[in-house]
There are 2 protein chains.
Amino acid sequence: MSKPVCNLQENFTDAAFLAKALSDVNRLRILCCLGRKEKSVNQIAGALELSQPLVSHHLKELRRVFLVKVERRGPFIFYTLADQKIPAVMKAFSALAETLLSQKQSF
Amino acid sequence: MSKPVCNLQENFTDAAFLAKALSDVNRLRILCCLGRKEKSVNQIAGALELSQPLVSHHLKELRRVFLVKVERRGPFIFYTLADQKIPAVMKAFSALAETLLSQKQSF
DNA sequence: AAACCATATCAACAGTTATTTATATATTTA
DNA sequence: TAAATATATAAATAACTGTTGATATGGTTT
């Protein structure tokens with residue numbers, strides 16, 4: 001009995017949910033910005049030149065899928081990547097995107 | 001001069017575009033369904049119990065990001081995964097989703 | 001308490017998207 | 001040519017999402 005590559009009844013809800021969280025340019029930039037070390041909301045907003053409410057909104061989306069962790073210290077709220085594997089997955093993802101979409105503007 | 005992990009000015013347009021294409025449960029099921037070998041539209045619709053127009057719509061989205069290739073043979077139009085790396089990326093992606101979102105229903 | 005700062009939330013708008021139903025296009029067969 | 005099949009497209013609707021500007025919440029300092 002060989003293991004099937006993929007169960008057609010499989011529930012892709014979680015994967016789709018994660019993909020949706022990664023489907024916005026600004027959220028990808030935020031994750032990238034958190035790559036090295038934790039940052040406060042205003043640090044992110046300043047680095048990416050986005051408004052504070054917009055960054056808060058996107059951080060909320062990233063929290064929904066547990067891509068980031070939160071820690072309050074004094075008046076600041078620091079965000080960190082929730083898992084060490086995130087940068088690698090993002091990198092593989094970007095590489096595939098570049099491979100596929102390089103065909104876009106060739107005609 | 002050390003190489004930066006991530007350029008804040010980097011353009012994540014392509015990666016976000018790809019993620020959006022993967023952010024729908026039915027599109028992930030279609031890609032999964034194409035994993036082994038090419039399939040016609042009606043074969044996909046039958047296997048996944050989706051209507052033909054809905055499958056056509058999602059295949060169009062998948063074509064936009066070059067995730068699938070098309071080939072007409074007679075009256076049938078066969079779809080195939082456009083790149084060998086797609087299943088591996090999807091697998092890594094699903095694994096991360098499971099890791100992160102397992103926290104969802106624990107309280 | 002008051003003033004100040006950091007962050008979150010709210011309301012509103014415009015744009016996008018998944019789905020359904022109906023119809024059009026294209027290929028094969030009789 | 002006509003009928004049948006395979007696929008794509010169109011129209012319509014409901015739901016969702018990114019962004020902005022205004023406001024609320026919560027912590028800190030004086």
Side-chain angles (χ1 to χ4, degrees), chain A residues 11-34 37-82 101, chain B residues 11-34 37-80 82:
Chain A
N11 205 328
F12 287 101
T13 309
D14 285 352
F17 199 43
L18 177 60
K20 192 180 295 178
L22 297 176
S23 72
D24 180 273
V25 170
N26 285 330
R27 282 197 289 272
L28 292 176
R29 293 176 71 214
I30 290 172
L31 289 175
C32 188
C33 179
L34 293 178
K37 56 172 180 291
E38 66 173 17
K39 285 193 176 58
S40 73
V41 176
N42 276 338
Q43 283 177 332
I44 298 169
L48 304 183
E49 302 187 67
L50 299 174
S51 73
Q52 177 268 311
L54 184 54
V55 172
S56 272
H57 164 71
H58 285 309
L59 286 170
K60 187 178 186 176
E61 293 297 307
L62 295 174
R63 262 185 281 140
R64 283 180 64 194
V65 294
F66 304 97
L67 275 166
V68 295
K69 283 186 300 186
V70 197
E71 187 192 342
R72 161 155 244 153
R73 274 208 306 283
F76 301 96
I77 300 189
F78 290 97
Y79 284 85
T80 326
L81 291 191
L101 290 163
Chain B
N11 206 330
F12 287 102
T13 309
D14 284 352
F17 199 43
L18 177 59
K20 192 179 295 177
L22 297 176
S23 72
D24 181 274
V25 171
N26 284 330
R27 281 197 289 274
L28 292 176
R29 292 176 71 214
I30 290 172
L31 290 175
C32 188
C33 180
L34 293 177
K37 55 172 180 291
E38 68 173 16
K39 285 193 176 57
S40 73
V41 178
N42 276 337
Q43 283 176 333
I44 298 169
L48 304 182
E49 302 187 68
L50 299 173
S51 73
Q52 177 268 311
L54 184 55
V55 172
S56 272
H57 163 70
H58 285 308
L59 285 170
K60 187 178 187 176
E61 293 298 307
L62 294 174
R63 261 185 283 139
R64 283 180 63 196
V65 293
F66 304 96
L67 275 166
V68 295
K69 282 186 300 185
V70 197
E71 187 193 343
R72 163 156 244 152
R73 275 209 304 285
F76 301 96
I77 300 189
F78 290 96
Y79 283 85
T80 327

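Labels below follow one simple rule: chain letters A, B, ... track the order of the sequence lines, proteins then strands, and each chain is numbered from 1.
Using a 4.0 Å cut-off on heavy atoms, the residues of residues 71-81 of chain A that approach DNA chain C are Pro75(A), Phe76(A), Ile77(A), Tyr79(A), listed by number.
Residues Glu71(A) and Lys69(A) are not paired through a salt bridge, judged by the lack of any N-O separation under 4.0 Å between the basic side chain and the carboxylate.
Between Leu54(B) atom CG and dA10(D) atom C1' the separation is 15 Å, expressed in whole Å. Summarising the geometry, the separation between CZ on Phe17(B) and C1' on dT16(C) is reported as 12 Å, rounded to the nearest angstrom. One can place NZ of Lys39(B) at 18 Å from C1' of dT7(D), the figure rounded to the nearest angstrom. We find that CG of Asn26(B) is positioned 10 Å from C1' of dT19(C), with the value rounded to whole Å. Separating the CD atom of Gln52(A) from the C1' atom of dT7(C) is a distance of 5 Å, rounded to the nearest angstrom. The NE2-P distance, from His58(B) to dT19(C), rounds to 4 Å in whole Å.
Relative to the six-membered ring of Phe12(A), Arg29(B) misses at least one condition, a distance below 6.0 Å or an angle of at most 45° to the axis.
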Please list, pair by pair, any protein nitrogen or oxygen found under 3.5 Å from a nitrogen or oxygen in nucleotides 13-17 of chain D.
none

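At least one side-chain heavy atom of Tyr79(A) sits under 4.5 Å from a side-chain heavy atom of Val70(A). Using a 4.5 Å heavy-atom threshold, the side chains of Leu59(A) and Ile44(A) count as touching.
OP1 and OP2 of dA6(D) both lie 4.0 Å or more from every side-chain N or O belonging to Ser40(B). Taking 4.0 angstrom as the limit, Asn42(B) places a side-chain polar atom (N or O) nearer than this to OP1 or OP2 of dT7(D).
Atom NZ of residue Lys39(A) and atom OG1 of residue Thr80(A) lie 10.0 Å apart, to the nearest 0.5 angstrom. Atom CD1 of Ile30(B) sits about 7.0 Å away from atom CG of Leu54(B), to the nearest 0.5 Å.
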